[in-house]
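Here's the structure we're looking at; comments come further down.
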Amino acid sequence: MRGISGWGVHLPYPRLDKSLIKAVAGSGGGVGTRTVASYDEDTTTMGAEAGRAALRARAVRLGSLWFATTEPAYADRTNATVLHAVLRLDRTVPAYDVVGSVRSALGALRAACQGSGNALVVASDTRTGLPGGPDEAAGGDAAAALLIGDGSDGGPVLAEIVAWESVTDEFVDRWRTPGAAASRLWEERFGEARYTELGAEALKLALATAGIAADAVDHLIVAGLHDRAVAAVQRTSGVPAGRITDRLAAKIGNPGAAQPGLLLAAALESAAPDQYVVLLSLADGADAVVLRTTQALASYQPYRPVAAQVTAGGPVSYGRYLHWRGMLPVEPPRRPEPARVSSPAAHRNAQWKYGFAAGLDVPGGTVHLPPAPQDEARTPVADAIGTIVTFTVDRLSYSLSPPVVFAVVDFDGGGRLPVELTDLEAGEVAIGGRVEMTFRRLATSDGIHNYFWKARLLRGQEPPGSGRSEDA
Amino acid sequence: MSSRGIKDRVAIIGMGCTRFGEHWDMGFDDLLVAAADETFRSAGVTRQDVDAYWLGTAQSGMSGIALARPLGLEGKPVTRVENYCATGSEALRQAAYAVASGAYDIAMAIGAEKVKDGGYQGLNAFPVPGDGTTRSVTAAAMFSMVAPAYAGKYGVPLADMKTALARVAFKNHYNGARNPRAQFRKEMSVDKLCRMPAVAGGLSVFDCAGVADGAAAAIVVRAQDAHRYTAKPLLVKALSLVAGNGSGLGDPAYDYTTFPEVVASAADAYAQAGVKSPRDELAMAEVHDCFTPTEIVLAEDLGLAERGTAWKEVMAGTFDLDGEVPVNPDGGLKAFGHPVGASGLRMMFEAWLQLRGEAPPERRISTYGKRSLALTHTLGGYPGEMVSFVSILGTA
């Protein structure tokens, strides 16, 4: 039976303490923290990181790639193709965007579940509200990737899909015209009433299809942007309160389109084999998915579990957050803006730029970053761990978030690259520090995003098996 | 591979150099005309007498027309050259080789840069369309990595290293204060320099070269013809250029305490000139002190100090005006300023003045009258990826 055969998530490192908001915005904020995509992250880079995590936990040959978000980095052109290049997928693997609404994420997941072969469904979202508003405080940024398969050549299924029921309803509870900075909300009670009814209906249908009662559900996940409706559906679901998955709202906030996948990953990380997990998503109707975990779940090792990422983060000031989101224009650096990327050059060098594949001088075994013209082969280095040989802090060069921290990194297994660091304060860098590579957006010029890789401190989280493999 | 050089076959017979600085009232054309006219007067020739021209500019103009137009040249071969910060040196190298070949009797090398029209501080290269993956940190940041690497390798306490860097800047500001053509003419104490806030790694703005507009030029002829123009020609003893292949950036063995391109070009130049012991033979050196740690490493790469000792020599005053081997007696890039295309020729201008006894007494090198060779050195690029030029010039 088809189901979930793996997952990977990405929570951005910066965390905003919501108690800082009110002093500046005059209202809003609250207790707890939310995740904030760094200035060099967008839904595409976060999605790429989540996809990498999923495939690092379970390296499978993909049949399709799906990317869902409310906040695509590009309109008109596909964003999933960037993930496709980062993940170094074969050209014959199709990659599609399903973008625009929170519900897109469930649509992509459903399409993948109804298809064949191994599918990677990535949902990624950045949630922005106007300063002092509810969406700003309630939102979070994250990406989650779910690997869908039928157990044939993608490793065993970890949670089979037993039932999926969906109800659809047209009503305007929240809306955002394209290009607007934030969504607007109808008065809360209307949406609460609609979603409470729709959630209950979808849940009832799905449990009936699965042939189980509410009290047989071991883990109930209720996702959705309408917080009161979510709480009401949880309360009236018939599932005991102790079996309802924590939405992590006080730590990371609500990451919109990424929330269903993220919470499903979190639930599966705490679930035991042979349990019922129900995912209920409230978005322009409701989708209810009943899953049954398998014995294989016990031996599955997620690359970086949700719980570990929830606790790994560092503070970002409210002012810097506002600047990153374009809500607070600050004095730009007095340096020329970066030139726009040449599309043909980027395409020619896609293996390096997106796939972070180094050049390999086969007879000598020397690794070149970037590849040298005479290198016969490419070797993927994206998952390699490196050591900081020396570094500098540059307060002069162009950056959206100065200063630039820059280091010379030697990779385990060979190769050296002078590269920018990210997700750190300048004072944290030290010679000998261990780093991993992360896919980021360096800049945007003429509307063209310049994606490439940066290094970030491992902070003691050295992954197992960080070696490289050779491919010609 | 052979590098025979053209020792004693070509001589500089006239030079000129504008004041370097913020020339808000002068454009690129004005700078070229000013340097060229001074040089024509110095050599006693007219623009029409000069058979061929080489214009060095990194980014202020394109093609030989950029010089032919302001000078009003007619029917002359004019070539624009560019080789990063070695651009001005490269212009002289091309002109000297052209004369040595017999193709021309008299040639001018002129270098100029108008950087202050750009609207940004610092130097900014032409963006070449690319895939967006090349690093974007400043030259200051790249060179700032030299100081801790050097200190670490030779066990120099970081405080001592900082003082040595400040001592380099102090020396060059001291010299620049005695040079009316220099951009910065104020002495700076070591204490004050040490207190400046860091902008790139441990480097402050005062560890960086001055960014200036300026132009400098030289006229060269075959050595046997030189005495028709001047009683005191400056002979070209060696011209060496090495372009690195960038491998240092990706080479785990590279440690940021030396510049292999400089070592190679120095060895080539010394061989061409027949210099065996540069510290004992050179009267002075003008080196590419783009950043203070660069000058310390250059002293070692150019053979003026043993490995790991240049910082101590700096502190001991070895490279001061009255030291054993004065380095950057005109103030260097640090105080004279750095109009990219002009700097290499500016260095030669100082050799022209010092070796021929025309430097003012307050800036005269201790070796004047005792030694007759000067070295000039320019580099362009970064540690691990640079071009390096070395010339040896002499009066005997």
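Because the structure is a prediction, the values reported are computed rather than measured. Proteins get letters first, then strands, A, B, ... in listed order; numbering begins at 1 in each.
Using a 4.5 Å cut-off between heavy atoms, A/Leu442 contacts chain B through its side chain alone, with no backbone atom that close. Heavy-atom distances place both the backbone and the side chain of B/Tyr254 under 4.5 Å from chain A. Only the side chain of A/Val404 comes within contact range of chain B, with heavy atoms under 4.5 Å apart. With a 4.5 angstrom heavy-atom cutoff, B/Ala149 does not touch chain A via any of its atoms.
Scanning residues 343-354 of chain A against chain B with a 4.5 Å non-hydrogen threshold yields A/Ala345, A/Ala346, A/Asn349, A/Trp352, A/Lys353, sorted by number. Proximity to chain B at a heavy-atom threshold of 4.5 Å picks out A/Asn450, A/Phe452 from residues 446-455 of chain A, in numerical order.
In plain terms, the two heavy atoms of A/Arg459 and A/Asp423 that are nearest each other are NH2-O, 3.0 Å. Between B/Ala335 and B/Asn172, the shortest heavy-atom distance links the atoms CB-O, 3.2 Å. In this structure, B/Gly308 and B/Tyr150 approach most closely via the heavy-atom pair C-OH, 3.4 Å.
Within the structure, the salt bridge (Lys or Arg N to Asp or Glu O under 4.0 Å) test picks out the following pairs touching residues 150-163 of chain B (sequence neighbours left out): B/Lys153-B/Asp255. Among residues at least two apart or in separate chains, salt bridge (Lys or Arg N to Asp or Glu O under 4.0 Å) pairs with a member in residues 128-143 of chain B are B/Arg135-B/Glu385.
Ranked by heavy-atom pairs shorter than 4.5 Å toward chain A, the options B/Ala141, B/Gly202, B/Ala200, B/Pro252 are led by B/Pro252. Listed options B/Gly119, B/Gly132, B/Ser144 were ranked by heavy-atom pairs under 4.5 angstrom with chain A; first place goes to B/Gly132. Your options are B/Gly384, B/Pro129, B/Gly250, and the one with the most heavy-atom pairs under 4.5 Å with chain A is B/Gly250. Taking A/Val405, A/Val408, A/Leu369, A/Val409 one by one and counting their heavy-atom pairs under 4.5 Å with chain B, the maximum is reached by A/Val408.
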Step-by-step side-chain hydrogen bond (donor to acceptor under 3.5 Å, both in side chains) determination, A/Asp410 to A/Thr387: CA-CA 5 Å; A/Asp410 280 356; A/Thr387 302; over 6 Å; no
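We find that A/Glu41 and A/Arg441 are not joined by a salt bridge, their nearest charged nitrogen and carboxylate oxygen being 4.0 Å or further apart.
With contacts defined as side-chain heavy-atom distances shorter than 4.5 Å, the pair A/Phe406/B/Met142 qualifies. A/Tyr13 has its side chain out of reach of A/Thr422: every pair of non-hydrogen atoms, C-beta onward, lies at least 4.5 Å apart. Proximity of B/Leu165 to B/Pro293: side-chain heavy atoms (C-beta onward) are separated by under 4.5 Å at one or more points.
A perpendicular orientation is assigned to the rings of B/Phe259 and B/Phe143, their planes being inclined by more than 60° (bins at 30° and 60°). Ring pair B/Phe206/B/His173 is tilted by interplanar angle, where 30° to 60° counts as tilted.
Of the N and O atoms on the side chains of B/Thr258 and B/Asp301, at least one donor lies less than 3.5 Å from an acceptor on the other residue.
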